Number of protein chains: 2
Amino acid sequence: MSGRRERMNQLVARKIGTEILKGERPPGSGFRGEIEEADAWGVSRTVYREAMRSLIAKGLIESRPRRGTHVRDPHHWNLLDLDILSWILSDEPDPAFSGEIFELRAIIEPAAAAMAAQRRSDAHLARMEDALNQMERAGLATDEGRLADRAFHAAIFDASGNNFFIALSAPVEAAVGMTTRFKQENQAEPRDSLPDHQAVFAAIAKQDADAASRTMAKLVTLAWDDMRLAVGPRD
Amino acid sequence: MSGRRERMNQLVARKIGTEILKGERPPGSGFRGEIEEADAWGVSRTVYREAMRSLIAKGLIESRPRRGTHVRDPHHWNLLDLDILSWILSDEPDPAFSGEIFELRAIIEPAAAAMAAQRRSDAHLARMEDALNQMERAGLATDEGRLADRAFHAAIFDASGNNFFIALSAPVEAAVGMTTRFKQENQAEPRDSLPDHQAVFAAIAKQDADAASRTMAKLVTLAWDDMRLAVGPRD
DNA sequence: GAAACCTCATTTGTATGAGTATATAGGCAC
DNA sequence: GTGCCTATATACTCATACAAATGAGGTTTC
């Protein structure tokens with residue numbers, strides 16, 4: 001996948017971060033001293049400290065002289081960080097988790113689409129159209145097609161003009177992609193979502209904010225339904 | 001304010017991070033080598049590297065052997081990180097920025113309130129009530145009252161039961177607090193927002209999701225109006 | 001002449017050992 | 001008990017050395 005080999009400090013950060021997110025290191029629990037801990041991981045204190053520095057920056061832990069290093073309350077975790085998301089979804093996709101991400105998406109994306117309808121430039125529109133064409137050409141069964149799908153949604157977020165929505169774009173779409181990737185593999189004949197996308201595009205092109213919101217809400221809802229169907233009926 | 005003295009690595013991270021966010025170090029621009037840069041900041045290479053490790057974790061920069069260290073595209077910046085928010089708002093509150101944060105809030109909070117109405121426990125409700133009483137007793141002119149205000153909104157986010165909304169709570173409320181703090185100081189007779197809060201509370205208590213959404217939307221809109229009025233009419 | 005390969009220099013990454021700063025706990029005087 | 005002091009554990013900072021990665025440019029090979 002990623003061509004460059006992972007560095008030691010990243011590896012340790014990922015390992016410890018994953019332990020925290022999986023609950024193996026509960027909030028409030030402490031770490032041993034740096035020398036001891038670094039030794040246990042088979043790395044130098046330099047590497048161990050840089051790894052911890054990353055986790056501190058993501059809100060997972062905090063450390064103070066004399067008190068030691070402790071896992072912070074989940075309330076402080078930067079859940080929308082891309083690394084943290086990938087650490088959470090490292091093994092199997094949790095159904096509860098994907099439900100929550102879709103719930104967020106169902107709120108964010110229609111609003112972003114409405115804003116995009118009002119503020120989009122021609123350049124934004126062109127990006128969306130390119131993405132749609134790419135989706136049609138490649139199909140959603142291919143990596144290329146899914147990439148185009150993400151590009152379409154990213155273009156909408158960008159067109160919203162709101163930097164916070166833009167910042168939300170990457171983690172939300174990434175999480176959705178991660179939780180639905182296996183869906184495409186399992187589902188025999190996935191529903192064709194291209195018409196839904198085209199309806200959103202048309203609304204944004206017409207600068208019809210209301211229609212953009214409605215069509216996007218429908219798109220997300222349908223995707224959500226597909227997801228639930230693929231993951232197996234539970235409720 | 002914060003009792004503990006800031007460590008060197010945090011200080012350097014804050015300084016450089018602020019330079020990036022203020023545009024003094026544009027995306028794509030590179031840093032000098034570690035030895036040279038650390039020397040310029042008057043710290044050891046260890047401290048400089050740990051500072052950079054924090055900025056990497058927040059998505060502001062990236063570094064690779066031989067290529068050096070560069071500012072990443074704003075698209076990758078973790079804008080909802082509490083540190084980054086405080087760095088952005090370090091000197092004067094930008095009106096465009098506060099407009100965007102209110103725009104996000106106007107989307108997120110009504111949805112959170114609706115979800116809270118459906119899922120809140122009695123404990124959540126008690127927290128909201130306590131916060132309301134505290135607001136009434138202390139008044140929004142005091143730090144204590146504003147703290148209670150934040151607690152009220154935080155309780156709603158928690159009651160939503162969605163971890164992503166909970167994760168959004170802290171940065172959104174913090175940013176709102178930062179941009180509106182000076183409003184309370186400047187505005188001679190700020191509007192009493194307590195009734196708006198009580199209406200939201202009543203709707204959540206009744207488990208009326210629709211009313212919760214509507215009352216919260218109203219609350220945010222009114223706060224937004226106040227904000228625009230205080231910051232001076234622009235449009 | 002083009003392509004694969006190799007060498008080298010530059011930059012970040014890792015290791016180690018020493019010393020400093022800071023906050024907690026416990027003792028001591030009052 | 002209350003306030004102050006001291007000891008100590010822990011993270012923080014420093015300096016130096018070496019290792020690994022990578023991009024550039026030259027070299028061989030066909």
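Quantities reported herein were computed from a predicted structural model and do not represent experimental measurements. Just so we're on the same page: letters track the sequence lines, and every chain starts at 1.
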Once you round it to whole Å, what is the distance between P of C/dT22 and CD of B/Q10?
12 Å
Residue mapping more 5' on DNA chain D - nearest nucleotide basis, A/R66 or B/V47:
A/R66
How do A/P65 and B/R32 order along DNA chain C: which one's closest nucleotide is nearer the 5' end?
B/R32
Under 4.0 Å between a side-chain N/O of A/S63 and OP1 or OP2 of D/dT10, yes or no?
no
Integer-rounded Å distance: C/dG13 C1' and B/Y48 OH:
14 Å
Salt bridge flag under 4.0 Å for residues B/R14 and B/E6:
yes
Does OP1 or OP2 of C/dT24 have a side-chain N or O of A/R64 closer than 4.0 Å?
yes
Given that A/R49 and A/R7 both sit by DNA chain D, which one's nearest nucleotide is further toward the 5' end?
A/R49
Whole-Å distance, A/R67 CZ to C/dT22 C1', equals 13 Å
Using OP1 and OP2 only, check whether a side-chain N or O of A/N9 sits under 4.0 Å from C/dG13.
no
Without decimals, in angstroms, what is the distance between A/E34 CD and C/dA21 C1'?
13 Å
B/E34 with B/R53: basic N within carboxylate O range, under 4.0 Å:
no
Select from B/I35 and A/R45 the residue whose nearest nucleotide in DNA chain C is closer to the 5' end of that strand.
B/I35
Once you round it to whole Å, what is the distance between C1' of C/dT24 and NE2 of A/H70?
11 Å
Quick check for you: to the nearest 0.5 Å, what is the distance between A/L79 atom CG and B/F164 atom CZ?
5.0 Å
Please determine whether a side-chain nitrogen or oxygen atom of A/S44 lies at a distance below 4.0 Å from atom OP1 or OP2 of C/dT14.
no
With a 4.0 Å cut-off, would you call B/D158 and B/R127 a salt bridge?
yes
From CZ of B/R53 over to P of D/dT13, roughly how many Å is that when rounded to an integer?
16 Å
Given atom CG of A/D39 and atom C1' of C/dT16, what is their separation to the nearest angstrom?
12 Å
Give the rounded distance in Å between these two atoms: CZ of A/R5 and P of D/dT22.
10 Å
Phosphate OP1/OP2 of C/dT12 contacted by B/T69 side-chain N/O (<4.0 Å)
yes
Ion pair present between A/R146 and A/D149, side-chain N to carboxylate O less than 4.0 angstrom?
no
